[in-house]
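Heavy-atom basis, side chains included; hydrogens, waters and symmetry copies ignored. Just so it is clear, the model here is predicted, and its values are computed rather than measured. Residues take their numbers from the sequence shown, with the count starting at 1.
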Amino acid sequence: MKHNSFKVVWLIVIICVVLLSGLAYAQFKPGSEPDGFRGIEWGQDVSTVKDLIYVTTDSSFGGVDLYGRKDDELKMGGAKLEVIFYYFWKDKLSAVCIVTDGEMNWEYFKAIIFEKFGIGYQDNKFIEYYTWVGDKTLMGLEYDEVSERGVLWMFSAQMAALQKEWEKEQIKKGVEEGW
């Protein structure tokens with residue numbers, strides 16, 4: 001699967017806009033907000049995680065390393081997963097991306113996500129895009145009917161805030177040095 005760093009950056013920007021603007025969004029079902037994924041906590045150092053397999057480096061935020069995990073179970077209930085990516089920024093877990101392929105896998109996966117976290121906020125009932133915002137985790141779930149691909153994005157709220165600050169610093173540097 002080809003990774004689209006532009007989409008990652010804009011998804012983070014959109015989530016930050018939602019947080020800062022006070023727009024409607026869903027909160028996680030009580031007690032369900034994740035603090036990472038499959039035993040890896042947000043902000044955990046890459047050196048402490050076993051069985052990671054380096055995939056590539058995304059140029060976002062000065063470099064985000066993507067990893068897969070050896071023997072990662074690519075299923076949840078009846079949903080088959082295509083891939084799970086773990087994103088490490090400055091060697092700390094900052095995000096996770098889970099991809100499904102096919103309408104049936106999407107339907108199973110969406111049902112599992114809704115059961116675990118509650119039904120996400122859906123801005124447009126005709127577009128399968130849902131968001132959840134918590135103190136620790138920002139999450140988006142989307143489905144593209146054309147490609148039949150479903151994607152779950154989970155971001156560390158703290159790491160997303162640090163990345164936003166990093167962007168501001170880069171803009172400031174560009175203004176100071178670029179003219």
Side-chain angles (χ1 to χ4, degrees), residues 1-19 23-40 42 51-60 64-89 93-134 136-157 159-160:
M1 181 187 110
K2 184 179 177 192
H3 175 71
N4 188 342
S5 63
F6 182 75
K7 189 172 187 175
V8 173
V9 172
W10 279 108
L11 186 59
I12 292 171
V13 170
I14 289 167
I15 289 173
C16 289
V17 167
V18 167
L19 284 172
L23 297 174
Y25 57 85
Q27 293 183 327
F28 291 92
K29 186 164 59 171
S32 72
E33 181 179 358
D35 188 15
F37 183 70
R38 290 191 172 171
I40 309 172
W42 297 134
D51 299 326
L52 290 177
I53 302 166
Y54 174 79
V55 176
T56 190
T57 298
D58 182 308
S59 62
S60 302
V64 178
D65 294 329
L66 279 71
Y67 291 87
R69 202 167 180 195
K70 183 180 178 188
D71 300 326
D72 221 348
E73 188 171 13
L74 294 178
K75 71 176 193 164
M76 283 186 187
K80 293 179 185 174
L81 310 177
E82 282 296 302
V83 68
I84 301 171
F85 286 127
Y86 300 83
Y87 292 68
F88 286 82
W89 181 62
L93 181 66
S94 60
V96 172
C97 174
I98 303 169
V99 179
T100 66
D101 190 32
E103 185 176 3
M104 287 305 296
N105 282 320
W106 160 254
E107 292 298 335
Y108 286 133
F109 188 60
K110 179 174 75 168
I112 291 164
I113 298 302
F114 284 3
E115 179 66 26
K116 179 149 182 79
F117 302 112
I119 297 173
Y121 173 72
Q122 185 181 22
D123 185 50
N124 181 332
K125 68 180 182 177
F126 300 107
I127 299 173
E128 294 249 41
Y129 182 77
Y130 309 88
T131 57
W132 294 258
V133 176
K136 298 179 271 187
T137 302
L138 312 172
M139 199 163 81
L141 178 67
E142 63 182 315
Y143 180 69
D144 182 318
E145 291 178 4
V146 175
S147 68
E148 294 189 348
R149 190 157 290 225
V151 180
L152 175 70
W153 291 99
M154 299 188 315
F155 298 93
S156 160
M159 295 297 285

*CG/D71 to CG/D51 distance, rounded to the nearest 0.5 angstrom?*
6.5 Å
*Above 12 or not: heavy atoms from other molecules or residues under 6.0 Å from CD1 of I53?*
yes
*Output the distance between atom CZ (F117) and atom CG (L141), rounded to the nearest 0.5 Å.*
10.0 Å
*Taking the side chain as C-beta and beyond, is there a heavy-atom pair between Y86 and L93 under 4.5 Å?*
yes
*asked:* Checking the side chain of R38 only, and the main-chain atoms of E73 only, is there a donor and an acceptor separated by less than 3.5 Å?
replied: yes
_For the student: nearest non-hydrogen atoms of Q27 and W132, plus distance_ = O-CD1, 3.8 Å
*Straight-line distance of F109 CZ to F114 CZ, nearest 0.5 Å*: 11.0 Å
_Exercise: identify the closest heavy-atom pair between S94 and M159_ = CB-CB, 3.8 Å
_Backbone of E115 reached by a side-chain donor or acceptor of K29 within 3.5 Å_ = yes
*Atom CD1 of I113 and atom CE of M139: how far apart are they, to the nearest 0.5 Å?*
5.5 Å
*Under 3.5 Å, is there a donor-acceptor pair between the side chain of N105 and the main chain of K80?*
yes
*OH/Y108: more than 12 non-hydrogen atoms of other groups inside 6.0 Å*: no
*Hey, are E128 and K110 close enough for a salt bridge, meaning a charged N less than 4.0 Å from a carboxylate O?*
yes
_Less than 4.5 Å apart, side chain to side chain, heavy atoms only: is that true for M76 and L81?_
yes
*Any idea which heavy atoms bring G134 and A157 closest together, and the distance?*
O-CB, 4.4 Å
*Considering all heavy atoms, the nearest I119-A26 contact*: O-CB, 3.7 Å
*State, without any angle test, whether T137 and W42 hold a side-chain donor-acceptor pair at a distance under 3.5 Å.*
yes
_Plane angle bin for Y130 and W106 - parallel if under 30°, tilted between 30 and 60°, otherwise perpendicular_ = parallel
*OH of Y87 to CE of M154: how many Å apart, nearest 0.5 Å?*
11.5 Å
*Shortest non-hydrogen separation from T131 to Y129 and the atoms involved*: CG2-CE2, 3.5 Å
*asked:* Given 3.5 Å as the limit, does a donor-acceptor pair link the side chain of W89 with the main chain of S60, or not?
replied: no
*Does one side chain, of Y143 or E145, offer a donor that lies under 3.5 Å from an acceptor on the other?*
no
_To the closest 0.5 Å, what do you measure between CG (L74) and CD1 (I98)?_
10.0 Å
_If you compare all heavy atoms of K116 against all heavy atoms of S32, which two are closest, and at what distance to 0.1 Å?_
O-CB, 3.1 Å
